[in-house]
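Contents: one structure, followed by commentary.
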Amino acid sequence: MTIFVHPLKRISHPLKTKILSEDAQSAGNILLETGAMLMSSGASTHRTRLTLERIAHGLGYGVELLITQRALMLTIIEKDQQHFFSRLKRISPHGVNFRIVSGISHLSWNVLEDNWTIAQISDELKRLKSLPHYPRLVVLGLVGLAGAAFCRIFGGGYTEMAVAFIATVVGLFVRQETLRVKFNPYLCVFFAAFAASLIAGLAEHFQIDIDSDTAFATSVLFLVPGVPLINSVTDLMDGNIQNGIVRAMNGLMISFSIAMGLFAAKMILNF
Amino acid sequence: MILEILLQSFWAGIAAIGFAVLFNVPRRVIFSIWTLGALGGLIKFTAIQFESGIVFASFLGATVIGIVSIQMAHMRHSPPLVFSIPSVIPMVPGFFAYKMMLGLIALTSIENTDAYLQTLIETVNNGAKMTFVLIALGIGVALPMLITRKESIKKSPFNKRKKANVLS
C-alpha cells in the first residue's frame, strides 16, 4: 500500500539536500565545453542541443539547456531527480571550423554506443582542438582559385580570372593578418574587401582588362557570410527565432562591411 | 551550350572546394564537396537554360545539394552541414549584390529625374533578386534536413548501424 505524497513535495524535498557529486560536475563542465566549441565552430542551434542531449544521455544524466549566440546555460540533472548542477559559460567566437563539428558528432555517438567515460571525452576534445588547419599557402591558393572560379561563373575571361585570383589572395591575406592582431571582426572584413577591390580596381585603372566589373564584383565574394546566413535560416525554421535573428543580423553586418570596403575602394579609384 | 554548362559546373565545384578549405573541413570529404558543388551548379545552370528564373533555379540546386548531402553524410561520416554549406556558396548572388550596392551609391548623387528613375528601377530589381535568391538558398538547404529529421534520430533505422550514423 502506498502513501499519498503531494507531487510538489516529492520533488522539492530532496532538492534542498546537496549539490551533485564530483563526477556529475565534471560531466556538466565537459558538456558546456562541447557546446561552446560547437556553437563557435558554426553548428546550428538544433544540432548543438541535440549533440549535448545525446552525450548527457550516454553519460546517464538529463539536461536542460539555454543556447544563445554568446553564452550557454546548462542544468544537469541526475536520473533520480535528486541532485542538479547549473552553470553558465561564455562562448568566444573563433571562426568556422567544420573539422570540430564533424569530430564532435563522432564523439557523441561514441559516448552513446561505446560508453565513453568523461576522461575519454575530455581527451578527445583536447585532440580536436589541437587538430591542424590546412597550411596557409594551400588555403590562400585554393581560395584564390575559388575567386577565379566565381569570376568564370559570372562570365569573366582568363584575364579577369587572373585579376580575381590575385585580388582574392591579397584580400584573404589581409584578413588573416588583421584577424591575427585581433581587430574588430567587421573591421577585418572591411580591410579585406577594401584590399581585394582596390587590386581589382587598379587592374582596371591601368587598363589591364576590358570588363573589370566582373573582376571587381567577384574579388570580394570569398568574404560572403555563408555560414551565418544559412544557419540563420535553419535556426529560424527550427523555431530558434532569437538565435536566427542574431545570426541574420551578424550576416548583414558582414555584408555591410564588404559593401563599405568596395565603396571606399571605388571612391579612391574615382578620385 | 552544353559544354559551357559543364564548364561552369566544374568551376562551381572548384569554388566550393575553396570555401571547404576556408572552413577547415576534414580532408576525406573534399572530393565529395567538389562533386556536390558541381552537381548543384549543373542543376542551377540547366534550370536557367530552361528559363525558370534565377530564384527558382537556385532553389532547385540548393534543394538537390541538401538532399544529396544527407546521403553523403551517411557515406562519409560527417554531419550534413559540412557538405551542404561549402557547396551552396558558389550560388550566392554576389553579382546582384554588387550591382545593387553600386546603384544605391549612384542614387545618392544623381540629379536628373529620368536617370534617377532608371537607376532606381535597376537597383530595386537587383536587390529583390539578391534577397530572394539568398532566401531560396537557405530554405533549399535547410528543408531536406528538416524533412528527414521527422524520423527521429533515436528511432531511425540508421541508428542500429554501428558508427555509420552521423545524421543530425
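These values consider heavy atoms only, across backbone and side chains, with no hydrogens, waters or symmetry-generated copies. Order of the sequence lines fixes the chain letters, A, B, ..., with proteins taken first and strands second; residue numbering starts at 1 for each chain.
Taking B/R27 as the reference, nothing meets the salt bridge (charged side-chain N to carboxylate O under 4.0 Å, His left out) condition, with sequence neighbours excluded.
Rounding to the nearest 0.5 Å gives a distance of 8.5 Å between CG of B/L22 and CZ of A/F222. A distance of 12.5 Å separates CZ in B/F23 from OG in A/S41, rounded to the nearest 0.5 Å. Going from atom CZ of B/R28 over to atom OG of A/S102 covers 4.5 Å, rounded to the nearest 0.5 Å. Rounded to the nearest 0.5 angstrom, A/F216 CZ and B/L102 CG are separated by 7.5 Å. Here the OG atom belonging to A/S232 is positioned 10.0 Å from the CG atom belonging to B/L134, to the nearest 0.5 angstrom. We find the CZ-CG distance between B/F19 and A/L221 to be 7.0 Å, quoted to the nearest 0.5 Å.
Remark: A/Q120 CD is packed, more than 12 non-hydrogen atoms of other residues, nucleotides or ligands lying under 6.0 Å away. The neighbour count for B/E51 CD, taken as heavy atoms of other residues, nucleotides or ligands under 6.0 Å away, does not exceed 12. Residue A/Y186 places its OH atom among more than 12 non-hydrogen atoms of other residues, nucleotides or ligands, all under 6.0 Å distant.
Of all non-hydrogen atoms in A/H106 and B/H77, the two that sit nearest each other are NE2-O, 2.8 Å. Considering every non-hydrogen atom in both B/L81 and A/R47, the closest pair reads CD2-NE, 3.9 Å. Nearest heavy atom pair, residue B/F45 against residue A/I153, reads CZ-CG2, 3.6 Å. Closest of all the heavy-atom pairs between A/Y134 and B/N24 is CD1-OD1, 3.5 Å.
Contact annotation for residues 135-150 of chain A against chain B (heavy-atom separation below 4.5 Å, listed by residue number): A/V139, A/L142, A/V143, A/L145, A/A146, A/A149, A/F150.
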*Decide side chain to side chain contact (heavy atoms under 4.5 Å, CB included) for A/M237 and B/I139; before the verdict, give the C-alpha distance in whole Å, the side-chain angles of both, and the deciding distance to 0.1 Å.*
CA-CA 8 Å; A/M237 288 183 69; B/I139 292 179; 4.2 Å; yes
*Mind running side chain to side chain contact (heavy atoms under 4.5 Å, CB included) on A/R152 and B/L7 for me, showing each step along the way?*
CA-CA 9 Å; A/R152 177 70 181 72; B/L7 270 177; 3.7 Å; yes
*Stepwise side chain to side chain contact (heavy atoms under 4.5 Å, CB included) test for A/F154 and B/Q8*: CA-CA 9 Å; A/F154 288 112; B/Q8 279 193 329; over 6 Å; no
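Of the two parts of B/V88, only the side chain, counted from C-beta on, holds a non-hydrogen atom closer than 4.5 Å to a non-hydrogen atom of chain A. With a 4.5 Å cut-off on non-hydrogen atoms, A/L172 touches chain B through its side chain but not through its backbone. With a 4.5 angstrom heavy-atom cutoff, A/M260 does not touch chain B via any of its atoms. Both the backbone and the side chain of B/V25 come within less than 4.5 Å of a heavy atom of chain A. Proximity to chain B involves both the backbone and the side chain of A/F263, based on heavy atoms less than 4.5 angstrom apart. The contact between B/I30 and chain A is made entirely by side chain atoms (from C-beta outward), counting heavy-atom distances below 4.5 Å.
The backbone N or O of A/V220 lies less than 3.5 Å from no partner atom in the side chain of B/Y98, so there is not a single donor-acceptor pair.
Considering only heavy atoms from C-beta on, B/M101 comes within 4.5 Å of A/L262 through its side chain. Side-chain contact check for B/P86 versus A/F98: some heavy-atom pair is nearer than 4.5 Å.
Across B/G138, B/A142, B/P26, B/G41, the residue that shares the most heavy-atom pairs under 4.5 angstrom with chain A is B/P26. By number of non-hydrogen pairs under 4.5 angstrom with chain B, the leading residue of A/G42, A/P132, A/A259 is A/A259. The residue among A/L229, A/N231, A/V227 with the most heavy atom pairs within less than 4.5 Å of chain B is A/V227.
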